[in-house]
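Lettering of chains follows the sequences in order, A, B, ..., and the numbering in each one begins at 1.
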Amino acid sequence: MKNDHNKNAEHNKDTTIGILDSRFNQTLRNVQGLLKGRSIPGKILLSPRVDPLDNSNLSSPTYIRSSPYSDPGTSDRTSETVEEEVHSTSKPFGIPNENKLKISTSHVERPSEEVQKSSMGARATDSARVMKFTKVLSGTMVVIEKLRELAWSGVPDYMRPTVWRLLLGYAPPNSDRREGVLRRKRLEYLDCVSQYYDIPDTERSDDEINMLRQIVVDCPRTVPDVSFFQQQQVQKSLERILYTWAIRHPASGYVQGINDLVTPFLVVFLSEHLEGSIDNWSMSDLSSDKISNVEADCYWCLSKLLDGMQDHYTFAQPGIQRLVFKLKELVSRIDDPVSSHMEQQGLEFLQFAFRWFNCLLIREIPFHLVARLWDTYLAEGDALPDFLVYIFTSFLLTWSDKLQKLDFQELVMFLQHLPTKNWTHQELEMVLSRAFMWHSMFNNCPSHLAN
Amino acid sequence: MAVADAFDEQCDYLFKAVLIGDSGVGKSNLISRFAIDEFRFDSKPTIGVEFAYRNIKVRDKLIKAQIWDTAGQERFRAITSSYYRGALGAMLVYDITKRATFVNVSKWLHELREFGGEDMVVVLVGNKSDLGPSREVETEEGKGFAETEGLCFMETSALQNMNVDEAFLEMITKIHDIISQKSLETKMNGTALSVPGGKEIHIADEVTATKQVNCCS
């Protein structure tokens with residue numbers, strides 16, 4: 001009897017999980033269909049309508065979505081109004097409905113139509129997006145919040161240097177002041193280099209000598225799979241940036257992995273001066289003035305980025321430990337089977353996710369996708385550390401099915417060498433849109449799905 | 001799990017070991033040479049801890065060697081030192097072409113003894129023996145230090161695949177011998193349990209220690 005009872009309980013639990021799963025997957029499909037081939041605005045509200053857990057609703061979970069994009073006039077992000085409904089049923093969209101009037105029809109296609117139109121739609125959106133960027137950037141006073149929303153979904157390559165400088169608060173939003181500020185900051189960097197870096201070792205403390213030695217060991221090992229980084233001058237630039245940064249941030253000093261974090265900045269700011277593919281770039285084509293300006297921009301942007309994550313690199317790295325814990329929690333709420341399996345196998349999140357946080361995923365995806373990922377990072381601004389948890393959850397659960405089939409050793413090996421080598425923007429966008437969706441669901445509604 | 005290979009079913013022991021030493025001495029390449037016979041010129045600094053394993057046969061026993069490759073930089077010590085605890089063996093690596101990495105060996109040893117178990121097998125490894133012309137640490141120096149401290153010693157080249165397997169095998173064989181010795185003692189003491197004495201607590205400890213390392217019990 002007791003056994004039977006247990007079995008029933010077990011069965012019920014399975015069913016409940018099954019229902020939640022299928023609801024969830026359905027939601028996911030809907031959102032994916034919705035987002036396919038177009039940009040994801042920065043702050044869409046996406047929250048579940050409170051539906052009773054009822055089988056009849058399984059095939060059509062309904063989500064409420066508000067988009068500041070299609071409705072630039074309002075900034076009611078916290079508004080609870082229903083602006084768009086997404087159904088997986090054949091209910092046609094575009095039926096007059098007061099709630100939907102604010103939405104342009106391009107946002108409310110069914111997934112099936114979406115597939116057919118996505119390629120054309122994407123191009124159209126692209127040129128429209130470029131225009132939006134141009135508009136935001138051309139004002140005397142750039143509205144940073146607007147820029148964040150746009151940048152979240154990716155920045156056109158040629159605008160990226162300008163946009164990143166603005167998002168990080170390195171360049172001032174006021175275009176009249178911009179050039180002067182940058183000039184001053186670049187001079188300041190030069191001063192720092194001559195004060196701290198260009199001195200004989202006899203003027204350094206033992207700790208400083210050790211730190212410089214560590215940096216010198218690591219620079220040649222930075223993104224070694226991209227040949228550009230093997231150039232002597234590139235490594236020297238890295239060395240100067242990292243050492244100067246480390247000296248000026250004594251609480252953490254240089255920590256391995258920070259070398260990886262400079263590389264997206266270096267590539268993006270160099271792209272203003274070097275043409276074509278990175279494989280054909282040569283640092284010797286640049287004047288020393290240009291190189292030092294690029295270095296300065298990297299230095300200041302790295303500083304700004306890490307200001308928000310100082311305790312990620314201090315003793316015992318408490319910031320990273322905290323986020324790894326949050327990652328574990330979120331994964332268990334979103335994908336209980338994966339989370340239980342990992343626990344059964346004795347796998348600890350710290351064993352694989354530590355590097356993710358320490359290097360912000362640079363090590364885990366092809367280098368040519370990193371800049372796109374960082375568009376979203378930098379658009380998140382101060383909220384980045386918490387949002388990383390969502391991105392990394394989404395990244396991990398890309399392999400949800402696979403993970404459940406692996407034992408401890410296979411899990412660790414798999415997670416250390418994830419099969420992302422052939423990833424394109426598409427896979428990355430998927431990770432980001434799922435992260436975005438989960439963030440919207442869980443962040444404002446902590447108990448959702450947590451029964 | 002369905003994917004577990006036949007070796008898993010049959011293996012007699014699971015040994016955990018750590019790889020420690022200064023940054024850039026070649027720890028990651030030693031392990032990849034041992035585990036998958038690969039050497040990478042473009043290896044990146046290890047962040048936190050990475051993992052590799054190899055199944056091998058030692059004295060008729062099938063052994064799964066799990067090896068945790070740790071980051072060399074001091075800042076990661078809080079993360080990496082927690083791996084010392086369950087480890088039965090440690091490979092302490094320095095670079096024969098960089099004196100500073102040899103000088104730091106005593107610092108690493110101190111840490112192993114602080115966090116690691118009493119019976120931990122430690123192998124001192126002078127890596128990059130292929131770079132003879134730039135040598136800064138003589139073989140005799142390494143050997144001498146190892147003798148004083150009671151460590152095994154070997155010079156290796158992960159690049160040329162010199163002594164790499166030997167170094168790992170030495171460590172694993174030593175661990176195996178210690179474990180067998182222990183379980184033998186336990187058995188013998190077990191039959192002698194009728195003799196009362198303070199030794200019994202010790203016996204219990206050893207039984208647990210043996211069980212922990214046996215992955216298939």
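Residue A:N259 touches chain B through its side chain alone, counting heavy-atom pairs closer than 4.5 Å. Using a 4.5 Å cut-off between heavy atoms, A:V217 contacts chain B through its side chain alone, with no backbone atom that close. For a residue to count as touching a neighbouring chain, one of its non-hydrogen atoms must lie under 4.5 Å from one of that chain's; by this rule A:Q256 touches chain B with backbone and side chain alike. Both the backbone and the side chain of A:Q351 come within contact range of chain B, judged by heavy atoms closer than 4.5 Å. When heavy atoms are compared at a cutoff of 4.5 Å, B:Y83 approaches chain A solely by way of its side chain, counted from C-beta outward. With a 4.5 angstrom heavy-atom cutoff, A:F229 does not touch chain B via any of its atoms. Heavy-atom distances place no part of A:T222 under 4.5 Å from chain B, backbone and side chain included.
Residues B:T97 and B:D95 bring a donor and an acceptor atom of their side chains to less than 3.5 Å of each other. Neither side chain, A:Q214 nor B:Q73, offers a donor N or O lying under 3.5 Å from an acceptor on the other. For A:N358 and A:Y313, the side-chain atoms include no donor-acceptor pair closer than 3.5 Å. The closest side-chain donor-acceptor pair between B:T46 and B:S28 falls under 3.5 angstrom. In this structure, a donor-acceptor pair under 3.5 Å is present between the side chains of B:N104 and B:D22. In summary, the side chains of B:S32 and B:E38 do not present any donor paired with an acceptor at a separation below 3.5 Å, with no hydrogens or angles considered.
Checked options B:V123, B:V121, B:V122; the residue passing with B:K174 is B:V121 (criterion: side chain to side chain contact (heavy atoms under 4.5 Å, CB included)).
The most heavy-atom pairs under 4.5 Å with chain A, out of B:G24, B:A100, B:A71, B:A52, come from B:G24. Each of A:R355, A:R213, A:M413, A:R363 has some count of heavy-atom pairs under 4.5 Å with chain B, and the biggest count is that of A:R363. Between chain B and the residues A:V412, A:V255, A:L350, the most heavy-atom pairs under 4.5 angstrom are made by A:V255.
A:R240 and A:E295 are joined by a salt bridge, as a carboxylate oxygen and a charged side-chain nitrogen come within less than 4.0 angstrom of each other.
The distance from the CD1 atom of B:I31 to the CH2 atom of B:W68 is 10.5 Å, given to the nearest 0.5 Å.
Against chain B, the residues from residues 316-325 of chain A that qualify, each with a non-hydrogen atom under 4.5 angstrom away, are A:A316, A:Q317, A:Q321 in number order.
Of all the heavy atoms in A:I278 and A:V226, the pair that sits closest is CD1-CG1, 4.0 Å. Minimum heavy-atom separation, B:D12 to B:K61: OD2-CA, 3.4 Å.
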